[in-house]
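Each remark here refers to the structure printed beneath this line.
A quick note: this is a predicted structure, and the numbers were derived from the prediction, not measured.
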Amino acid sequence: MPETPTGAQLRLRHGELSAVVVELGAALRSLELAGTPVLDGFGADDLITGGRGQLLVPWPNRVGDGRYRWQHRELQLPLSEAPAGNAIHGLLRWTAWHTVGSDPARAVLETTLWPQPGYPFHLRVRAAYTLGPAGLETAVTARNLGGDPAPYGVGQHPYLTAGTAPVDLSVLTLPARTRITTDGRGLPTGQEPVAGTPYDFRTARAIGDLPLDTAFGDLDRGADGRAIVRLAHPDGSRGVDLWLGEGVDWVQLYTGDTLPPGERRRAVAVEPMTCPPDAFRSGTGLVTLGPGEQHTVRWGITPWRHGA
């Protein structure tokens, strides 16, 4: 097979569900139910834009100025969001991962995060994608191979669609009681309850023209321990749920208003995160991964339809 700009294409199938995972960044390229996309993804030959489907390791979201202090060391990350002066979405998005296991409904990819300026820690990271009756489950495991404790967080950046374009008509349910307020650089300035604000989607309602690039916390969970974010077509005929497992305590929603024309507000990025923005500096939700320790979290995407 000819080499593609996103590397090997791992095609998964279970019943009416199909997905494609790529070697570049172990990103989720597509997810479909009976041939209908539930992700706004990318093509095998495309340059990935807007973080589509990418894994965010060893931190999701932003680190202001790329500068943080860790155990008496001052560390400086590359400013990958240069216009705002931030480091954004980790260090493994543009790394080649290799397949360590696969079958028709499952793909497991792995890579090494080598010590480097700004992040002098040594991690082995594994991503397992599994299609089943409940949709797609993603499990990300990191092991610290080094001799020093490492700061760690993880997330992902899938764009969900319920078949409306723009997303204004899509009906959102978000079981979050607080949101993080931010400055013009996308960095936290505080937290506030969503009650009584335009950001309260605990009861399902249309997104409307509200621009979202917002992290939410204090998630309400079901008896199974999962919090579920739902995006639905306004006629109730179809939709997609993203569930957040234990340890995934934050979710960022992004309506793409700052993307290039043609990409704006055509889907909603629903980003599971183990920590909020700027966690490397605030310490909020940050995992300390000790030498030899391992950390695993899970989230998943469940497409659904009625009246088929």
Would you say [Y] and [X] are linked by a side-chain donor-acceptor pair, where the criterion is simply a distance under 3.5 Å?
X: W97; Y: E110; answer: no
X: R106; Y: T130; answer: yes
X: T49; Y: E263; answer: yes
X: T112; Y: R124; answer: yes
X: E271; Y: H157; answer: yes
X: E192; Y: T178; answer: no
X: S170; Y: T164; answer: yes
X: R29; Y: Q9; answer: yes

Discussion item. Using the rule ring pair (Phe, Tyr, Trp, His ring centres under 6.0 Å), only one of Y68, W70, Y152 pairs with F280; which is it?
Written reply: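 One option only clears the test, and that one is Y68.
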
Between [X] and [Y], which heavy-atom pair has the shortest distance, and what is it?
X: P151; Y: L286; answer: CB-CD2, 3.8 Å
X: A87; Y: L77; answer: CB-CB, 3.9 Å
X: L210; Y: P198; answer: CD2-O, 3.4 Å
X: L219; Y: A227; answer: CB-CB, 4.0 Å
X: A206; Y: L169; answer: CB-O, 4.2 Å
X: L28; Y: L136; answer: CD2-CD2, 3.6 Å

Atom pair [atom1]/[atom2] of [X] and [Y] - distance to nearest 0.5 Å:
X: T161; Y: R266; atom1: OG1; atom2: CZ; answer: 9.5 Å
X: L242; Y: T138; atom1: CG; atom2: OG1; answer: 8.5 Å
X: R238; Y: L231; atom1: CZ; atom2: CG; answer: 9.5 Å
X: E81; Y: N61; atom1: CD; atom2: CG; answer: 8.5 Å

Discussion item. Taking the cut-offs as 6.0 angstrom to the six-membered ring centre and 45 degrees off its axis, would you call R52 and F42 a cation-pi pair?
Written reply: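 Judged by the rule (NZ or CZ under 6.0 Å from the ring centre, within 45° of its axis), R52 is not positioned above F42.
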
Practice prompt. Determine whether I48 and L55 fall in the same hydrophobic cluster, where Ile, Leu, Val, Met, Phe, Trp and Tyr are linked whenever their side-chain heavy atoms lie under 4.5 Å apart.
Written response: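 They do not share one cluster, since no chain of ILVMFWY contacts under 4.5 Å joins I48 to L55.
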
Worksheet item: In terms of hydrophobic clustering (I, L, V, M, F, W, Y; side-chain heavy atoms under 4.5 Å; direct or indirect links), are W250 and L172 co-clustered?
Response: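 No; tracing contacts between hydrophobic side chains, which count when under 4.5 Å, never links both residues.
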
Less than 4.5 Å apart, any side-chain heavy atom of [X] and any of [Y]?
X: V240; Y: T302; answer: no
X: T111; Y: L109; answer: no
X: Q252; Y: M273; answer: yes
X: E23; Y: T6; answer: no
X: T274; Y: D249; answer: no
X: L123; Y: R143; answer: no

[X] and [Y] ion-paired at < 4.0 Å:
X: E74; Y: R67; value: no
X: D257; Y: R264; value: no
X: D65; Y: R185; value: yes
X: D200; Y: R177; value: no
X: R305; Y: E16; value: yes
X: R226; Y: D241; value: no

Answer yes or no: is there a donor N or O on one side and an acceptor on the other, between the side chain of [X] and the main chain of [Y], under 3.5 Å?
X: D183; Y: G186; result: yes
X: D103; Y: A107; result: no
X: S80; Y: I88; result: yes
X: Y129; Y: A105; result: no
X: T255; Y: L212; result: yes
X: Q156; Y: G53; result: yes
X: Y159; Y: G50; result: yes

Heavy-atom count check: over 12 atoms from other residues, nucleotides or ligands less than 6.0 Å from [X] [atom1]?
X: R13; atom1: CZ; result: no
X: W114; atom1: CH2; result: no
X: Q116; atom1: CD; result: yes

Discussion item. Between R298 and T296, is the side chain to side chain contact (heavy atoms under 4.5 Å, CB included) condition met? List the steps.
Written reply: CA-CA 7 Å; R298 293 176 172 83; T296 299; 3.8 Å; yes

Practice prompt. Assign the ring pair Y199 / F216 to parallel, tilted or perpendicular, where the plane angle (0 to 90°) is split at 30° and 60°.
Written response: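 Rings of Y199 and F216: tilted, as their planes differ by 30° to 60°.
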
Practice prompt. Fit a plane to each ring of F121 and Y119, take the angle between them on a 0 to 90° scale, and name the class: parallel (under 30°), tilted (30 to 60°) or perpendicular (over 60°).
Written response: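 F121 vs Y119 ring planes: perpendicular.
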
Item to complete: Determine, stepwise, if the pair V171 / H233 fulfils side chain to side chain contact (heavy atoms under 4.5 Å, CB included).
Response: CA-CA 6 Å; V171 176; H233 193 278; over 6 Å; no

Worksheet entry | Steps toward side chain to side chain contact (heavy atoms under 4.5 Å, CB included) verdict (V125, V140) | CA-CA 7 Å; V125 187; V140 180; 4.0 Å; yes

